[in-house]
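Heads up, the thing below is written out as structure tokens.
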Amino acid sequence: MIVLKFGGTSVASMLKIDQAVSIAEASLDECPVLVSSAMGDTTDLLVDITASAASGNREATRRSLDSIRESHLAAARLIESTEIRSVCEADVERYVHELESLATGVSLIQECSPRTQDAILAFGELLSTRIIAARAMDRGINTRLVDSRDFILTDDSFTKAVVDIERSYAAIRDSVGTSSGTLIVAQGFIGRTRSGVTSTLGRGGSDYSAALIGAALQAERVEIWTDVDGIMTTDPRLVPGARTVMHMSYDEAAELAFFGARVVHPSTIQPAIDRNIPVYVRNTSRPDRAGTQIHRGVTATGVRALATKSDVSVITVRSSRMLNAYGFLAQIFAVFDRHRISVDLVTTSEVSVSMSIDDDRNLVELQRDLGSLGTVEIERKQAIVSLVGQDIWKDSRTVARVFGVLAGIPIRMVSLGNSDVNLSMVVGQEQVTDTVTRLHTEFFDRDGSFPADEVQSVR
Ligand code: ASP
Ligand code: MG
């Protein structure tokens with residue numbers, strides 16, 4: 001069987017849904033499970049609703065609800081079969097009505113708990129898959145719409161629920177019976193707690209849902225359909241000459257995803273790695289292109305892609321007590337742990353530790369708590385630029401080239417990731433484009449700098 005996951009932009013309108021359904025239809029004999037995100041920016045609108053309802057802003061809440069209702073009905077209206085259309089429209093109206101009731105509840109108590117937020121956010125995927133399944137049936141495809149909450153089983157850390165993997169795998173095997181000629185449609189992003197309450201896996205979590213389903217059913221492959229031609233050498237909005245990388249190792253992709261490449265969610269990779277299932281990243285609007293294949297057995301080494309992560313803060317703790325002391329780092333990390341903030345890069349000297357975080361929640365509290373360990377300095381508006389590739393710094397000439405081309409750009413932190421697949425540095429946010437452009441020119445645009453069979457042009 002195969003899993004085909006479509007992101008929000010790939011199902012943003014009936015036109016896009018039709019493209020997605022056609023892609024699934026072409027592989028009906030491979031027992032496909034189509035996993036979908038919410039249509040377009042629906043999830044963002046749902047987040048807006050939680051905020052506007054909680055602050056008692058009825059007008060804004062109304063506007064977002066109307067916009068969700070309209071966009072989904074506009075799609076449903078294009079279903080040709082009168083019968084399928086009227087059932088689908090009625091379901092959309094019913095979902096929107098439930099959503100309105102929840103929003104009214106939130107506006108009455110002027111508070112939206114994480115649990116209620118998840119109940120609200122789940123409607124995005126419930127609505128999109130309802131319409132996708134109806135359209136597939138409308139086109140004469142044997143279709144079964146399933147409810148992912150029946151088999152993505154989570155704990156109750158709402159808004160970022162943790163999946164109970166073994167229980168979910170068993171439930172997926174029990175309830176998602178694939179068969180040749182039948183299209184199964186499932187929601188990404190949503191799950192259910194032990195006590196039966198709707199939860200979500202965190203923003204962008206649909207990829208993870210897809211990988212879990214693929215892993216449970218030992219899929220031949222998981223295809224992530226998005227709006228770009230796979231994983232690129234770098235963000236094409238920063239460097240117009242960016243190209244698709246056709247093959248990537250899991251490690252490289254995981255590093256890239258972690259360091260902010262928008263195409264694949266980092267935790268997507270894990271269930272697939274564990275079961276050795278190849279993951280493809282492909283462009284819904286250009287199904288003729290192969291996109292990027294992430295799999296074991298990639299042998300290319302050296303710099304393969306550049307990733308950036310903006311809105312990073314760097315926190316430095318200085319203390320002479322660090323000198324020859326043990327347990328100091330542990331105390332620092334205990335503070336991060338308490339605030340549930342994860343640290344990306346760390347550099348240390350005898351008397352200071354610098355850490356980058358991409359989360360500026362709780363900065364004031366963090367600063368206060370770290371203050372008992374030393375003097376604390378926080379620099380905001382920083383960015384991480386990462387070079388990713390297998391054995392990237394085995395060849396010390398790579399490091400020399402990096403610093404050679406970056407002469408003149410102030411570099412705040414450097415980390416040669418111990419995994420051998422990344423070399424990361426922190427620069428000021430305003431230096432990102434310049435940094436990435438220089439690196440791209442050095443590593444990808446010079447003759448022979450990139451094996452020709454490894455790239456396909458996007459233009
Ligand atoms: N719809 C959810 C979001 O926008 C999940 C996803 O798209 O993966 O975050
Ligand atoms: Mg989305």
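Counting starts at 1 for both ligands and their atoms, following the listed order. We use all heavy atoms of the structure for the numbers below, so side chains are in, but hydrogens, waters and symmetry mates are not.
- Judged by distance alone, the side chains of Ser55 and Asn57 never bring a donor and an acceptor atom under 3.5 Å apart.
- Distances below 4.0 Å separate heavy atoms of Arg203 from the following atoms of ligand 1: 3 (C), 4 (O), 9 (O).
- In this structure, a donor-acceptor pair under 3.5 Å is absent between the side chains of Ser199 and Thr193.
- The ring-ring contact (aromatic ring centres under 6.0 Å, His included) check on His339 picks up nothing, with sequence neighbours excluded.
- Using a non-hydrogen distance threshold of 4.0 Å, Gly205 registers as a contact of ligand 1.
- Distances below 4.0 Å separate heavy atoms of Ser37 from the following atoms of ligand 1: 6 (C), 7 (O), 8 (O).
- Heavy-atom proximity to atom 2 (C) of ligand 1, evaluated over Lys5, Gln187, Glu125, is greatest for Glu125.
- Checking Ser107 against Arg58 by side-chain atom types alone, no donor-acceptor pair falls below 3.5 Å.
- The closest approach between any non-hydrogen atom of Gly204 and ligand 1 is below 4.0 Å.
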Distance-only donor-acceptor pairs under 3.5 Å for side chains of residues 70-78, two or more places apart:
unit_1, atom_1, unit_2, atom_2, d
Ser71, OG, Ser67, O, 3.1
Ser71, OG, Ile68, O, 3.2
His72, ND1, Ile68, O, 2.8

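- Set against the non-hydrogen atoms of Ser206, the atoms of ligand 1 under 4.0 Å away are 5 (C), 6 (C), 7 (O), 8 (O).
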